[in-house]
Amino acid sequence: MESKVFHHALTIRQDVCIGCSHCMRVCPTEALRVKNGKAELYENKCIDCGECFRVCPTNAIIIEQDDFSKIYNYNYRVALVPSILTGQFSDEITASAVASILLKLGFNEVVEVETSIELLKEEINSYIADKSHSKPVISSFCPAIVRLIQVKFPSLVENIMLLKPPLDITSLYIKKKLQEQGISDNQIGIFYITPCAAKIAAIKSPVGEDKSEVAGVINMNLVYNKVLKSLVQLSETEKGLSSRKDCLIDSSLIWSLTNGEASQVKGRSLAIDGVYNIVEFLEKLENEEISDIDFLELRACDESCAGGVLTTGNRFLTVERLHKRVEANKNLKNFGNRILDYRNFLKSRVHIGEIRPRSMMKLDEDMAKAMKKMERSNRLMCFLPGIDCGSCGAPSCQALAEDIVQGKAAISHCIFLQKTMEQTRKLHPDHSFRIMEKIWGKDRFEKNCNKIDKSKRFH
Amino acid sequence: MAMHFEYKIEGGDFTRAGNASSQVKRTLKQLNVDPKVIKRVVVALYEGEVNIVAHAYHGEIHIDIDTEKIKLALIDQGPGIPNIEQAMEMGFSTATPEVREMGFGAGMGLPNIKKNSDKFRIESEVGVGTKLYIEVYINQ
């Protein structure tokens with residue numbers, strides 16, 4: 001069964017949105033429209049990639065997170081931290097210093113997400129070696145990509161690797177370890193510090209899993225501020241600690257960077273980052289124009305998680321810092337990570353259930369009806385100007401045509417057709433003006449030198 | 001209810017090979033056709049497209065879609081196939097080394113098309129061209 005409602009981490013604040021259409025133009029799945037002067041989200045199409053969040057000039061798109069104080073609902077609080085958090089800060093702020101600060105902020109323990117990579121790597125290699133799995137195996141690491149494939153490339157859903165991402169495996173490990181120490185399940189609160197919206201959506205409504213072990217999500221930009229603020233109170237000795245035993249030191253650290261997975265699994269692997277690059281590649285893969293690849297690492301953000309929408313540090317510097325961290329510790333033994341002691345327990349729990357396609361491209365469930373709609377939409381395309389100006393509130397002429405045949409828009413929304421209709425006196429200029437006001441809001445038509453600046457007060 | 005599409009293919013233009021299959025793929029997705037069926041159509045069509053580009057001078061692709069099946073007709077003007085039986089064997093190829101270097105011509109084309117179709121017919125006349133008729137059923 002395809003469910004109709006999906007949890008999205010992204011919401012549009014109607015009171016702040018000025019309907020400027022920046023988000024609509026960058027959405028890789030054409031999930032946004034402008035109506036009544038505000039951006040509107042087609043929920044079934046959204047993959048939570050966060051591209052809209054990046055371009056919004058008024059910060060009207062917000063990424064929901066749990067209130068920081070929620071951590072105190074639990075007696076034992078674990079901060080689950082992706083390694084790129086430590087890459088956000090300048091070189092003199094070490095991973096251990098960041099961990100110390102998180103402890104000061106109220107956590108009892110800090111665990112890096114990449115703790116489970118050692119185990120996951122083994123699992124991925126045997127997954128790829130299994131001949132019954134469709135090749136190329138597509139990594140399940142990036143939740144935005146899993147969703148992209150579900151909605152846009154349904155025939156490739158069977159290629160998605162049915163193994164849990166590191167975040168979930170590490171959570172399982174933390175819970176098991178703490179329970180063995182006598183801490184009961186409901187006392188443990190694992191809080192994930194997220195670099196992006198897609199991970200939040202994956203935790204709040206997992207694909208192929210029943211529920212997540214993670215109790216809450218805190219956005220990385222919030223933690224970034226808190227860490228920098230607390231830094232002044234940290235003693236010099238705490239700052240100077242180069243490597244604590246519970247900080248990772250091996251190449252697991254670069255897993256979330258571009259080529260982090262592809263360079264560490266066996267077989268012919270390819271790493272691609274950037275959602276548009278991935279769409280281009282998957283189009284070809286779907287035609288079977290590309291073959292003989294064993295493993296695909298696909299990440300929605302440029303420079304993968306280092307370029308996550310909630311990161312603050314420059315993504316290229318983050319990448320450099322993490323490589324340096326691996327390099328600096330390459331002669332040390334990784335004595336802190338005990339995850340392989342739990343190999344058998346975790347091995348039986350790393351698999352995820354079936355992932356189903358939920359194509360958003362279909363014009364109708366019923367094929368005969370879909371054909372009628374397509375014919376109509378093709379006819380409409382003969383009249384639309386084909387310049388994708390977006391003045392109708394849809395991202396392209398094709399998107400408008402498809403909206404019209406699905407009853408979500410009208411042909412008179414096109415400014416070119418309005419002109420034609422005015423010339424042949426089928427549409428009164430007053431009426432066409434009202435149509436544009438309805439799409440873009442009355443404010444768009446008023447003289448105002450600060451159309452964008454006005455809303456900057458929300459920054 | 002039926003839909004018809006036509007595409008013209010130029011021999012030797014590898015840069016555009018795959019255009020027809022990509023467009024047909026988009027159409028079939030919009031028509032809510034089962035992804036598995038789409039995959040078979042697209043793979044067969046892409047192989048056929050590449051065959052025309054690699055071997056023929058020029059060709060046409062006709063696509064008919066109704067609620068029961070997808071019919072493809074790939075008709076080219078080209079050298080034709082002297083021995084169809086041999087051409088249908090896995091791994092048999094007449095492609096030039098240059099074509100192989102580009103990643104085409106592994107001798108998988110025709111057998112792969114047949115494998116992905118429910119109905120498959122090939123007619124070829126040496127010095128005239130080749131006609132390929134393929135049907136893929138939507139509900140099995």
Side-chain angles (χ1 to χ4, degrees), chain A residues 2 29-30 44-45 134 148-160 279-293 354-381 396 398-399 401-403 405-406, chain B residues 1-6 14-51 53-54 63-70 102-106 108-109 111-113 115-116 136-139:
Chain A
E2 287 186 38
T29 57
E30 297 195 324
N44 286 358
K45 294 191 175 188
S134 307
L148 174 75
I149 293 172
Q150 281 183 293
V151 302
K152 222 177 152 121
F153 300 97
S155 72
L156 295 174
V157 164
E158 61 183 37
N159 293 62
I160 300 173
V279 168
E280 180 195 331
F281 190 85
L282 294 181
E283 284 285 347
K284 289 193 179 296
L285 187 68
E286 215 176 23
N287 295 3
E288 295 198 357
E289 288 178 48
I290 297 163
S291 52
D292 303 324
I293 296 176
E354 190 193 357
I355 297 178
R356 288 170 191 278
R358 47 178 184 88
S359 173
M360 52 114 195
M361 294 181 70
K362 58 182 174 232
L363 293 171
D364 203 293
E365 286 291 338
D366 181 84
M367 191 178 165
K369 282 182 189 157
M371 282 171 90
K372 279 209 178 91
K373 286 181 180 173
M374 186 183 286
E375 282 204 332
R376 216 186 131 211
S377 139
N378 289 347
R379 262 201 317 276
L380 284 168
M381 286 303 286
S396 63
Q398 183 75 48
E402 284 163 22
D403 280 358
V405 299
Q406 305 204 67
Chain B
M1 199 69 207
M3 296 185 95
H4 182 82
F5 301 91
E6 276 179 41
F14 285 93
T15 60
R16 293 167 61 86
N19 277 10
S21 8
S22 287
Q23 285 180 48
V24 169
K25 183 171 68 182
R26 185 183 158 84
T27 302
L28 295 176
K29 281 184 188 177
Q30 289 185 310
L31 294 178
N32 200 25
V33 173
D34 181 348
K36 288 194 171 63
V37 175
I38 298 181
K39 196 163 184 174
R40 290 170 57 212
V41 173
V42 167
V43 170
L45 183 55
Y46 177 70
E47 294 280 7
E49 230 183 313
V50 169
N51 274 350
V53 172
I63 297 151
D64 286 286
I65 304 169
D66 62 35
T67 50
E68 259 138 51
K69 61 185 174 301
I70 296 142
M102 293 168 75
F104 301 101
M108 307 285 278
N112 205 15
I113 296 174
K115 196 182 86 190
N116 282 292
V136 177
Y137 303 136
I138 288 170
N139 302 306

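Values below: all heavy atoms of this structure, side chains included; hydrogens, waters and symmetry mates excluded. Note that the structure is predicted; figures quoted are calculated from it, not measured. Below, chain A is the first sequence line, B the second, and so on; all start at residue 1.
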Seminar exercise, completed: OG1 (T27(B)) and CE (M374(A)) are apart, to the nearest 0.5 Å, by 5.0 Å
Problem set entry | Under 4.5 Å from a heavy atom of chain B, the part of E375(A) involved | both
Exercise. Top residue by heavy-atom pair count (under 4.5 Å) with chain B, among K372(A), E283(A), E289(A)?
Worked result: E289(A)
Problem set entry | When M360(A), E402(A), K373(A) are compared by non-hydrogen pairs under 4.5 Å with chain B, the top option | E402(A)
For this session: Go through the structure and list residues passing side-chain contact (heavy atoms from CB on, under 4.5 Å) with V42(B), not counting sequence neighbours.
Result: N287(A), S21(B), K25(B), I38(B)
Exercise. Atom CD of E68(B) and atom CE of M367(A): how far apart are they, to the nearest 0.5 Å?
Worked result: 9.5 Å
For this session: Identify the heavy atoms of S359(A) and K29(B) that sit nearest to each other, and give their distance.
Result: OG-O, 4.5 Å
Exercise. Are E288(A) and K115(B) within salt-bridge range, i.e. N to O under 4.0 Å?
Worked result: no
Exercise. In terms of heavy-atom contacts, does NZ of K45(A) have more than 12 from other residues, nucleotides or ligands at under 6.0 Å?
Worked result: yes
Exercise. How many angstroms lie between CD in Q398(A) and CD in Q30(B), if you round to the nearest 0.5 Å?
Worked result: 6.0 Å
Exercise. How many angstroms lie between atom OH of Y46(B) and atom NZ of K284(A), to the nearest 0.5 angstrom?
Worked result: 7.0 Å
Exercise. Heavy-atom distance under 4.5 Å to chain A: side chain of L45(B), backbone, both or neither?
Worked result: neither
Exercise. Side chain, backbone, both or neither: which part of K152(A) has a heavy atom under 4.5 Å from chain B?
Worked result: backbone
Exercise. Checking V41(B) against chain A: side chain, backbone, both or neither under 4.5 Å from a heavy atom?
Worked result: neither
Exercise. Quick one: are N32(B) and K369(A) in side-chain contact, heavy atoms under 4.5 Å?
Worked result: no
